[in-house]
Amino acid sequence: MTRPDTSPLRIGIAGLGTVGAGVVKLLAANAGAIAARAGRPVAVTAVSARSRGRDRGVDLAPYAWEDDAVRLAARDDVDCVVEVVGGSNGPAKALVEAALAAGKPVVTANKALIAHHGQALAEAAEAAGVALRAEAGVAGGIPVMKALTEGLAANRIHRVSGVLNGTCNYILTEMAATGRGYAEVLAEAQAKGYAEADPAFDVGGTDAAHKLAILAAAAFGTRVDFAGVTTEGIERITAADIETAGDLGFAIKLLAVARMEAGGLEQRVRPTMVPRESLIGSLPGVTNAVVLEGDFVGTCAFTGPGAGEGPTASAIVADLMDIARGAAGPLFAQPAAGLRAAERLDYSDEHAPYYLRFSLLDRPGALAALASAIGEAGVSIHRMRQYGRGGARAGAVPVVIVTHDARREMIDGAVARIAALDVSAAEPVAIAIEEI
Ligand SMILES: NC(=O)c1ccc[n+]([C@@H]2O[C@H](COP(=O)([O-])OP(=O)(O)OC[C@H]3O[C@@H](n4cnc5c(N)ncnc54)[C@H](OP(=O)(O)O)[C@@H]3O)[C@@H](O)[C@H]2O)c1
């Protein structure tokens, strides 16, 4: 029997922002426990970021510095690279490719990179015989990639769902708790550091879509299909939508769902009304949740911090410990070459009751025109409520409709008909209601 390698696993870290500095801190704070559990120390030897002089709250003096992050891959004192620069291309991609080509394992928190290039990078890692891991890229501190690739690996997973973006969950939770509008709560989230200065990736649903595409690949044995995620953000949700949802016993969440049915894959991220008392409906603040449904295990739910220095570092270091042990399996639970390209399920076929919000000009006959347009689209109305005057535009009146079960195609048809009416004062909003 060969003796286990007890020499330190030497790490080069690219990016020393929130996550990179967190990794440095965690490796120092828990060095003893990490070495004991991994069977060998995990030690930083070299680092890189944009500005060398910036104070990052950690002592970087013991580590070699590279101005060019890609050079970390070629260093003799770096066995393994941590990429926490970010971005789907640029230096992050160049570094990961260079490290894998040099036969060095990589740990990344970069969901954008994996959502766009995960297949090619996983194949490159396998060709080089080294690990590529990205636990921190999906739901931050929640070990959900580990659950899919290890703990639940014997199951056929048929559905993955959850709340994968903490910024959106914070905004929606605050709007519900305080009755304040989207713009005001977003500004507060930015001031508190929960939302980026440019929040478009978060509030537009792209960040959650990146994570969902990665989860789906690991869950279903399919190639990452980020382009196949139907994505809608929370930007158009109003305080009135949330209040009405509350009246109906629902909360609005940015729900991500991937499901495999008869060989077809559906992936969607969109605001959804879910029962307020459910696990997802009651999820507070920046918390994330992931629900995995497998054929033998049943339903497993995970909740926890989806971002932040500590949780993200926790996930990265766990991946590093697997690499130190020589026990890091494939990124997507099976060799990447064996992943199949999934057919996209026809989304228009999906059934659900819907919440519809319209803004109508305050004119005689407006409501009748609305009702008949809905009827013509084949959608049947369960409840209808007209609010007082003074909607989004002066002279406009918000009208809310809850439909009976309807196909998405019919809802899209109704929305298009109503948007085209001359009494329609603003783009209609349609939110699916899911009894999860
Ligand atoms: N923050 C979270 O909670 C979280 C959670 C999960 C995943 N992630 C992912 O983790 C990654 C990093 O996120 P973060 O929040 O730590 O970002 P961040 O705070 O903006 O840090 C990015 C770091 O990358 C460095 N950098 C930028 N361009 C570089 C270049 N060309 N060469 C070398 N270094 C460069 C920056 O250097 P300077 O400091 O000198 O500017 C900075 O240290 C992203 O992929 C993100 O999506 C973040």
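Read the numbers this way: they start at 1 and go in the same order the structure lists the ligands and their atoms.
For atom 15 (O) of ligand 1, the protein comes within 4.0 Å by at least one heavy atom.
The N/O atoms of Thr18, backbone and side chain alike, include one that comes under 3.5 Å of an N/O atom in ligand 1.
Closest heavy-atom approach to atom 40 (O) of ligand 1 within the set Ala139, Ser51, Ala14: this belongs to Ser51. Closest heavy-atom approach to atom 31 (N) of ligand 1 within the set Pro91, Gly137, Pro311, Ala315: this belongs to Pro91. In this structure, of Gly308, Gly193, Ala134, the residue bringing a heavy atom nearest to atom 3 (O) of ligand 1 is Gly308.
Of the heavy atoms in Val85, both backbone and side-chain atoms come closer than 4.0 Å to ligand 1. Contacts between Ala49 and ligand 1, counted as non-hydrogen atom pairs separated by less than 4.0 Å, involve both the backbone and the side chain. Residue contacts with ligand 1, taken as heavy atom pairs separated by less than 4.0 Å, involve Lys111 solely via side-chain atoms from C-beta onward.
Applying the 4.0 Å criterion to heavy atoms of Leu16 picks out, from ligand 1, the atoms 23 (C), 42 (C), 43 (O). Counting atoms of ligand 1 from 1 in the listed order, those under 4.0 Å from a heavy atom of Ala307 are 3 (O). If you number the atoms of ligand 1 from 1 as listed, the ones under 4.0 Å from a heavy atom of Asn110 come out as 45 (O).
Using modelled atom types and a 3.5 Å distance limit, the side chains of Asp241 and Thr238 yield a donor-acceptor pair. No side-chain N or O of Glu66 forms a donor-acceptor pair with one of Ser48 less than 3.5 Å apart.
Within the structure, the closest approach of Glu83 to ligand 1 does not fall below 4.0 Å when heavy atoms are considered.
In summary, Glu174 and Arg180 engage in a salt bridge, as defined by a charged side-chain N under 4.0 Å from a carboxylate O.
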Report the C-alpha separation of Asp247 and Arg385 in whole Å, then their side-chain angles, then the decisive distance to 0.1 Å, and conclude whether the salt bridge (Lys or Arg N to Asp or Glu O under 4.0 Å) test is met.
-> CA-CA 12 Å; Asp247 291 348; Arg385 183 166 157 189; 3.1 Å; yes
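Taking a 6.0 Å sphere around CZ of Arg71, one finds it holds 12 or fewer heavy atoms contributed by other residues, nucleotides or ligands.
Two residues are said to be in side-chain contact when any heavy atoms from C-beta on lie closer than 4.5 Å; Arg52 and Trp65 meet this criterion.
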